[in-house]
Peer 1: 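Structure below; questions to follow.
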Amino acid sequence: MANGRVRMTYREALRAGVREVLLREPLAFLMGEDVGRYGGSYAVTRDLLAEFGPERIRDTPLSEAAFTGAGIGAAIGGMRPIVEIMTVNFSLLALDQIVNHAATLLHMSGGQCNVPLVIRISTGAGRQLGAQHSHSFEGWFAHIPGLRIVAPATVEDARGMILSAVRDPDPVLIFEHMMLLGAEDEIPAAIQASDLDSARIRREGQDVSLITYGGSLFKALEAARVLASRGISAEVVDLRSLRPLDDRTVFGSVRKTGRAVIVDEGWRSGGISAEISARIGEHLFRNLRAPVGRVCTKEVPIPYPKHLEDEALPSVAEVVAVAEEQVRLHV
Amino acid sequence: MANGRVRMTYREALRAGVREVLLREPLAFLMGEDVGRYGGSYAVTRDLLAEFGPERIRDTPLSEAAFTGAGIGAAIGGMRPIVEIMTVNFSLLALDQIVNHAATLLHMSGGQCNVPLVIRISTGAGRQLGAQHSHSFEGWFAHIPGLRIVAPATVEDARGMILSAVRDPDPVLIFEHMMLLGAEDEIPAAIQASDLDSARIRREGQDVSLITYGGSLFKALEAARVLASRGISAEVVDLRSLRPLDDRTVFGSVRKTGRAVIVDEGWRSGGISAEISARIGEHLFRNLRAPVGRVCTKEVPIPYPKHLEDEALPSVAEVVAVAEEQVRLHV
Amino acid sequence: MNPESRKFHHPMMRIRRFEEKCAELYGEMKIRGFLHLYVGQEAIATGVMSVLTPEDGIITAYRDHGHALARGIPMREIMAEMFGKSEGCSGGRGGSMHLFHRASRFYGGSAIVGGGIPIAVGLALSDLLCKRKRVTACFFGEGAAAEGVFHESMNLAALWKVPVLFLCENNRYAMGTAIERELSRVDLTEKARTYGIPALRVDGMDVRAVAAETSRAVEQVRAGEGPFFLEFATYRFRAHSMYDPELYRNKEEVSEWKKRDPLLLEEQRLRDEFGFTDHDRMELEREVDREILESVRFAEAGTLEPVSALLSNVYKRGGAGWRTEG
Amino acid sequence: MNPESRKFHHPMMRIRRFEEKCAELYGEMKIRGFLHLYVGQEAIATGVMSVLTPEDGIITAYRDHGHALARGIPMREIMAEMFGKSEGCSGGRGGSMHLFHRASRFYGGSAIVGGGIPIAVGLALSDLLCKRKRVTACFFGEGAAAEGVFHESMNLAALWKVPVLFLCENNRYAMGTAIERELSRVDLTEKARTYGIPALRVDGMDVRAVAAETSRAVEQVRAGEGPFFLEFATYRFRAHSMYDPELYRNKEEVSEWKKRDPLLLEEQRLRDEFGFTDHDRMELEREVDREILESVRFAEAGTLEPVSALLSNVYKRGGAGWRTEG
Ligand SMILES: Cc1ncc(C[n+]2csc(CCOP(=O)(O)OP(=O)(O)O)c2C)c(N)n1
Ligand SMILES: Cc1ncc(C[n+]2csc(CCOP(=O)(O)OP(=O)(O)O)c2C)c(N)n1
Ligand SMILES: [Mg+2]
Ligand SMILES: [Mg+2]
């Protein structure tokens, strides 16, 4: 811990965030499948049971709908529940509770029943887990009014976002990308909340904006490095929040560069990439020097074999190619 | 029945379509909540039980996940099941079966297990049914590879689409808009299948393309009439299929008019409207004379009171205003 | 007025006549959307609510007028809600199926069959965690027992011993589906017991039986013994909603059940045991009708939320949640 | 070789040693993704499959190697699948959790706990509607009993009397969650009976008991008496998957159960009753190892699908389903 900074992994940061919430907020508790005795399917919650006990680290049965619904009820009852859904695909089993209930209760009750619920969901592909364990639904969830959707891409956000989420009066879904768990970074030792609304410029550039979030941020940053070596200066925008989208930051970047490439691990058609592209088209019609590019997951359930999975997912090479084309063809 | 044509409502056409399928295809059967003795929640399936008996018109328990899953199984077992989900919101209870299973089985099995399942779903708002009965999720479902999504807007498609759907080897979701049930039209007496892939130009025009589907088609047509009276010639494209999207027809229209307004009862952000807008931006970057416009449902769970529900939904006046602005400001 | 009639008869009559008025107003198109009447089932909400305290929580489904009235939500706020007015108990946003009243701990009003059940478990969990001696009463129909989430919730509640009271109103039909076509075995209490939840079947037409058995059950739940399950045998006298042609049941069955009308039963008991007279009855009716009339007037006079407020109530933290709407 | 050992011992040994090889190959990174071993539970798949006919259908979950092998899917196709090769039984697209083999009516391989259960009900429904005398065998773990869809499916199967055989492999853990923390009451057969489904608990470590009881159950199902439920008491000897640190159970429990290793039990029986010798055992091992070796060779030599084929198998009706991919 030099100069008040610590080195840790994204996984450790997630754990530190949950731990801090439980320390600061007596009404908070965590529930989900195997968060306790097993230590968390991806070892994120390891040791928390020993520290906080089974009242606050609650192993649930395999009942995604019921324990998510129970999270809604507990939130209405004044608690600050954190529900963990082990893998994003399983969230579909709780979708009625999330979309028909958590997202509507405030509205249907005319403002009486807000639902201060946090749902942590592991998302993304890349570990050859196949077609039922590799979806990226965060952009899809972002369609639903009443929900807030965030996707920490950095170690600092992995720790800090949950602190804001748990204080938010509305349901917040945090999508944690599986492939980032081992990523390391040096961050301030003092734990601070990260805001849930704003996008961040992770690298400044002049020629093209690479707009991304979550697991794809590092692909975009890598692409920017490659592009730099070819004389193209790419700006990298980390959306951080998918609902709301921080249009101001996105538009500001694209207004400057005149070109945008969206990198999204969700499927292309009807993904959040489409929304960002549409908004840019609507607002920066006269500023755009090239059509907005999209590098997304191919429209196929994620295949098991490595070479096909790799081919299905957005790659650095694709980002570079699309960005280069934009700059070369549309000057 | 003059000149081999008959007049019927959309509701009657839906019934005629299901009936024709059951007459032609011995392996087809219908199952869903209250499709039999009750006569269908919206009276679509009235009298079918008497004609086809309880083996083929199966009332199910309130178990959306199980009977949708049973539809998948029966399809794999060689049947041609038609599952009815009473209201689109309830489809969320079956989403694991639809998205994690029906849409992935062909892929996960390396092409061995196709799922020739038809799911009919009542969709849309407009009857003051509030925040849990008024969603429009068809565009949302269109994000999922492995599914085919269609939305009949006309009486003829209401009857004909299911005939193609039941012969399709893949899962087809048919979204039937609640507000169209009473719409009447004269259609050929001879029952024919309608294709599931192509969009249709429902009205030709030169100045702006109104791109829409389902319950919004009539709003777009009405808007086109109003626009005509103001000297603006609007072309109306009925998408019919949301997955796949018929880019050729859409692009052809927009290439001609240079302007596009998408009318969609789904919420705006991350809706199918975004995808269409993004594709137009990508492909017709140099042809577009104005930024693509979108008239969608406001981002709020549908409120109960009439004046607020009306305000939430796309209106003819909005379509007219957006189209007019496009033509006037971007000449 | 006969003081004993205050207890159960008056509240039941309020519900009955309120809903008859609602049906009328539906015909006049003052009330729209779906409208599910509780006629025939009044004894259940009335009996149950009579033994709950203001600290207890309520979750119910879309057939919720009876529960709302019996819980003490002002009738006029309920009526205004049906009219879609700002003065309604859900600010007009919910309508008939989504009555809410936080001050009464009345948390709706879910129109997804079974959807409220896990939420009730969570409410009860919050009481358990905060060591509050509250009970959460969770109403649902027998149709909900076919939904998976019913089972998940039973299991979770039993496993965690949360103070929730499951109240199944078995009116024998889920829309047009008779219970025998809904459930392979129709004994709901047996299902509850499979989770280790004590369960009892109660005559849902006898308001005093409802109150007595609920009282015992509540005591047990409040004492920390975990969930309890009550199945009420009842019947809905009217159509499922205003659109139902009732093709699925015959008139004899309906009239057979109407002989056990909970209001008639209770009135007979009042006459037999508590000296209830025709005059009492008239007085009662007059009072109830006055209240209903007043509620209609209140609703009529209510205000429509300005359309400019459309995007409110989506996020508590202000705004529509999206910076720009494009 | 001892002919009696062909029946059960050989198939079980095939599974055991195949999976031990898989674990090794996982260490070598030849197999990736999640890998769930069936070690300890071999008697169940082996016993059940021994009494099914080729016309019967199979549905299982992600812990599916044992079922696939016992069903007769060629070992080399299973191994090739784990290697992600085109020659795999799912064309390489599925991997360990998604084994499919249409010719064997083996329909996977769902990695969503409980997800396959309603699909099995539907498969059985298709047989019922087509008046085929087939049975659908549906395997799942005890953890699935907490999922709502398990209950919905039990109810639907019982209500419609479809010819499905529910086979619950109760190995006492769902990942790290012991059954006592999963289910408020742990008797699975009781749950089935609540739906009117006849149910029996069977020693899942004794392959002959498994075969005998399954045979009786299958007979009943095939005779048109509707679903049947078998709960097999068993234990998984290894970690849940390759990532599991096994913090949730102690070594004594594991070694206690290992005393009832189904392979040991059957081998002892063969020795006691059928003159099985050390020589038989050696021969058997040699044969099995040869097959495994050959399967690895086959898998190694298999081909990787060209990346240009990525978008195939999304729609049967050709193409990726979208005219333009932009
Ligand atoms: C998940 C879901 N499926 C279907 C419906 C349509 N629906 C509304 S009420 C109802 C019947 C419910 O019956 P029951 O639970 O017995 O309650 P009751 O109407 O008898 O009070 C149905 C099928 C719904 N609202 N939600
Ligand atoms: C719906 C769903 N929730 C959670 C998981 C994660 N998960 C995979 S296996 C498993 C345990 C299942 O236990 P059980 O059904 O007993 O089968 P076993 O692993 O013991 O064979 C869990 C929780 C999943 N795959 N699907
Ligand atoms: Mg009922
Ligand atoms: Mg298990």
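Just so it is clear: chains get the letters A, B, ... in the order the sequence lines come, proteins before strands, and each one is counted from 1.
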Peer 1: Count the heavy-atom pairs under 4.5 Å between each of B/S91, B/A290, B/G293 and chain A, then report the option with the highest count.
Peer 2: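 Heavy-atom pairs under 4.5 Å are most numerous for B/A290.
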Peer 1: What residues of residues 106-115 of chain A make heavy-atom contacts with chain B at a cutoff under 4.5 angstrom?
Peer 2: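 Only A/H107, A/M108 of residues 106-115 of chain A have a heavy atom under 4.5 Å from chain B.
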Peer 1: Angle between ring planes, A/W140 versus B/F141, binned at 30° and 60°: parallel, tilted or perpendicular?
Peer 2: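 It falls in the perpendicular class, over 60°.
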Peer 1: Which atom names give the shortest non-hydrogen contact between B/E282 and A/R294, and what distance separates them?
Peer 2: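 For B/E282 and A/R294, the tightest heavy-atom pair comes out as OE2-NE, 2.6 Å.
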Peer 1: Does a side chain donor of either A/R279 or B/S277 reach within less than 3.5 Å of an acceptor in the other side chain?
Peer 2: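 No, B/S277 and A/R279 have no side-chain donor paired with an acceptor closer than 3.5 Å.
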Peer 1: Restricting to non-hydrogen atoms, name the atom on A/L288 and the atom on B/F285 that form the minimum distance, rounded to 0.1 Å.
Peer 2: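 Answer, listing the atom of A/L288 first, then B/F285: O-CZ, 3.6 Å.
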Peer 1: Can you name the closest pair of heavy atoms from A/P301 and B/P145 and give their distance?
Peer 2: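 Between these two residues, the closest heavy atoms are CD-CB, 4.5 Å.
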Peer 1: Of the backbone (N, CA, C, O) and the side chain (C-beta and beyond), which part of B/V292 lies under 4.5 Å from a heavy atom of chain A, both, or neither?
Peer 2: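 Contact with chain A: backbone only.
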Peer 1: Heavy atoms only: give me the nearest B/S269-A/R243 pair and the separation to one decimal.
Peer 2: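 Taking B/S269 first and A/R243 second, the nearest heavy atoms are CB-NH1, 4.0 Å.
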Peer 1: Give the member of B/G130, B/P303, B/G139 that has the highest number of heavy-atom pairs under 4.5 Å with chain A.
Peer 2: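 The residue among B/G130, B/P303, B/G139 with the greatest pair count is B/P303.
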Peer 1: Is any residue of residues 92-103 of chain B within less than 4.5 Å of chain A by heavy atoms, and which ones?
Peer 2: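 B/L92, B/L93, B/L95, B/D96, B/V99, B/N100, B/H101, B/A103, listed by number.
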